[in-house]
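Everything on this sheet refers to the single structure shown next.
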Amino acid sequence: MTTLQVVLIVGFLKIFNIEKAESRTSNKLVSEKHKLHYHYETFNYTTLAFTHAESPTWDPDLNTLYWVDVLNQNVHALEYTTKQHRLKHIGKGEVNIVLPIANSMRLLIGVQSSVYLLDWDEPRPSSLRFMAALDLGSPDNILNEGKADVKGRFWAGTKGPQHGDTVLPDQAALYSLEQPHFEPKVQLKPVSISNGIVWSLNNSILYYIDSATRTIDAFDFDARKGRISKRRTILDISKYNFMKTTPEPIPDGMTIDRDGCLWVALMFGGAVIRVDPNQRKVVAKISLPVSRVTSVVWVGDALEELVVTTSRRNMDAKELEREPYSGNLFILNKLGTGGVPSYKLIFNDSDIY
Ligand SMILES: *[C@@H]1O[C@H](CO)[C@@H](O)[C@H](O)[C@H]1NC(C)=O
Ligand SMILES: *[C@@H]1O[C@H](CO)[C@@H](O)[C@H](O)[C@H]1NC(C)=O
Ligand SMILES: *[C@@H]1O[C@H](CO)[C@@H](O)[C@H](O)[C@H]1NC(C)=O
């Protein structure tokens, strides 16, 4: 474990505009600029820039934000009040997921296409305990997104082999895993790039993103059986003109707010959008000064700050000069809503496993 001496710190503070999107049909957008008192802070590290920050997750019991830096293979923890930062280098391949476990001192992490328990206080390499392997027979696949459901099961989605910004299509799957054996159960196959994964406030719907489809989809969710059915598309972002960028934006990480709306990171799109899944439309778009926006999570006592992770993966020097904050975390405030507590993994024996 490395404890960096005070790292960073609020890089800058700026008033930005939220564009309130009003659309009558799904592909027409009248966007009005409202000068709301919305601002963001960004922070970075003088000694360490994140290459590809992902999987932000909030543990309200420890008042701690976790995230991973995928390519540098690090898990980060930021105690939110003191801003004490710790990082754990894993060094066994891409680290894509970090997830708190209920009543446990350990964390679940995803490394390449495997699931491990991470014991923060153990020195490497004894800090990892193997739990499960996904997509066996596809060694270049990666565990890309993972969340816990209301019953504490782990929902884990993979993606196929990636070269540059391109991912081989239809090589991956979505699984659920639960105690005591965490045997992967295929829920959806094939998929290209598993993302999103969040439940409606009443847990009757799973919202899911296969980034390659550029859509946000929904399934009926049976919480008791841990089953999904009846896939339908609730939003196709390729139909929105205001999201035309090169490369084309794809939906990435996603969370839900207390009003039941979805907040979706737009990779390559330089924005986070708020989507009303019942009306099937974009209701707001927040632009950031970086294109590669990877994921979102609500943090803080009131869950009213939205942390946005971003990336500088595959950017050349010119692009980085244009978007120097790429890879930073952003904290958005005063968005007029907030989150709901997310679920933790349930694993009774995690501390003695
Ligand atoms: C970190 O923030 C400072 C502003 O406080 C900025 O000048 C610098 O470019 C940032 N570094 C990175 C790697 O984003
Ligand atoms: C986990 O603990 C709960 C409550 O103590 C218990 O009801 C449940 O059966 C346990 N599950 C397993 C798989 O051990
Ligand atoms: C649960 O929430 C979804 C999404 O808001 C809604 O469509 C559905 O009608 C709700 N189900 C019940 C039983 O209230």
Side-chain angles (χ1 to χ4, degrees), residues 21-23 26 59 61 99-108 115-117 119 129-133 146-156 174-185 187-188 195-210 215-237 251 253-264 272-284 296-298 303-304 306 335-353:
E22 320 239 340
S23 78
S26 64
D59 185 337
D61 303 320
L99 184 70
I101 304 174
N103 308 312
S104 173
M105 60 176 188
R106 291 178 165 155
L107 294 165
L108 176 151
V115 186
Y116 294 87
L117 291 181
D119 200 326
R129 307 189 83 78
F130 176 82
M131 284 171 68
K147 304 265 181 75
D149 72 15
V150 61
K151 300 284 187 191
R153 299 179 193 97
F154 182 49
W155 288 70
L174 173 67
Y175 300 89
S176 66
L177 299 87
E178 63 190 288
Q179 66 170 357
H181 301 304
F182 293 96
E183 210 170 283
K185 201 187 280 177
Q187 295 280 359
L188 183 67
N195 262 311
I197 308 186
V198 71
W199 288 266
S200 62
L201 300 179
N202 62 16
N203 288 300
S204 72
I205 297 173
L206 169 70
Y207 299 109
Y208 174 75
I209 290 170
D210 180 347
T215 63
I216 298 159
D217 291 354
F219 292 87
D220 285 357
F221 178 65
D222 183 330
R224 200 174 53 83
K225 295 188 184 143
R227 283 280 170 208
I228 52 174
S229 59
K230 297 198 194 124
R231 185 178 190 170
R232 62 266 184 191
T233 291
I234 58 166
L235 197 88
D236 180 348
I237 70 158
M254 172 164 68
T255 190
I256 194 162
D257 67 30
R258 59 194 179 207
D259 303 310
C261 287
L262 304 171
W263 291 75
V264 185
V272 173
I273 52 172
R274 184 183 192 215
V275 174
D276 181 334
N278 296 325
Q279 299 192 56
R280 302 188 171 198
K281 67 179 193 183
V282 178
V283 291
V296 282
V297 70
W298 294 102
L303 294 173
E304 286 179 351
L306 190 73
L335 294 169
T337 183
V340 291
S342 44
Y343 305 111
K344 294 184 179 184
L345 181 81
I346 296 181
F347 184 6
N348 294 9
D349 295 336
S350 64
D351 285 356
I352 53 168
Y353 176 75

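Start at 1 and go down the list; that is how both ligands and their atoms are numbered. Quick caveat, the model's predicted, so the values are computed rather than measured. Just so you know, residue 1 is the first one in the sequence shown, and it goes up from there.
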Taking the side chain from Tyr353 and the backbone from Phe130, do they hold a donor-acceptor pair closer than 3.5 Å? yes
Residue from Asn103, Leu107, Asp59, Leu108 passing side chain to side chain contact (heavy atoms under 4.5 Å, CB included) with Lys344: Asp59
For Asp351 and Ser104, does a side-chain donor sit closer than 3.5 Å to a side-chain acceptor? yes
Within a distance under 4.0 Å of any heavy atom of Asn278, pick out the atoms of ligand 3 and give their elements. 4 (C), 5 (O), 7 (O)
Run through Thr215, Asp217, Asp220 and flag the one making a side chain to side chain donor-acceptor pair (under 3.5 Å) with Arg232. Asp220
Heavy-atom protein contact below 4.0 Å for atom 2 (O) of ligand 2: yes
Near Ile205 (heavy-atom distance under 4.0 Å), the atoms of ligand 3 are 3 (C), 4 (C)
At a non-hydrogen distance cut-off of under 4.0 Å, which region of Leu201 contacts ligand 3 (side chain, backbone, both, or neither)? neither
Determine, considering heavy atoms only, which of Asn348, Asn103, Ile346 sits nearest to atom 12 (C) of ligand 2. Asn348
Answer with yes or no whether Ser204 contacts ligand 3, where contact means a heavy atom under 4.0 Å from a ligand atom. yes
Among all protein heavy atoms, pick out the one at the shortest distance from atom 8 (C) of ligand 3; state its residue, atom name and that distance to 0.1 Å. Asn202 ND2, 3.8 Å
Would you confirm whether Arg153, through its side chain, and Ala223, through its main-chain N or O, come within 3.5 Å as a donor-acceptor pair? yes
Pairing donors with acceptors under 3.5 angstrom, does anything connect the side chains of Asp257 and Trp263? yes
I'd like to know if atom 14 (O) of ligand 2 has any protein heavy atom within a distance of less than 4.0 Å. yes
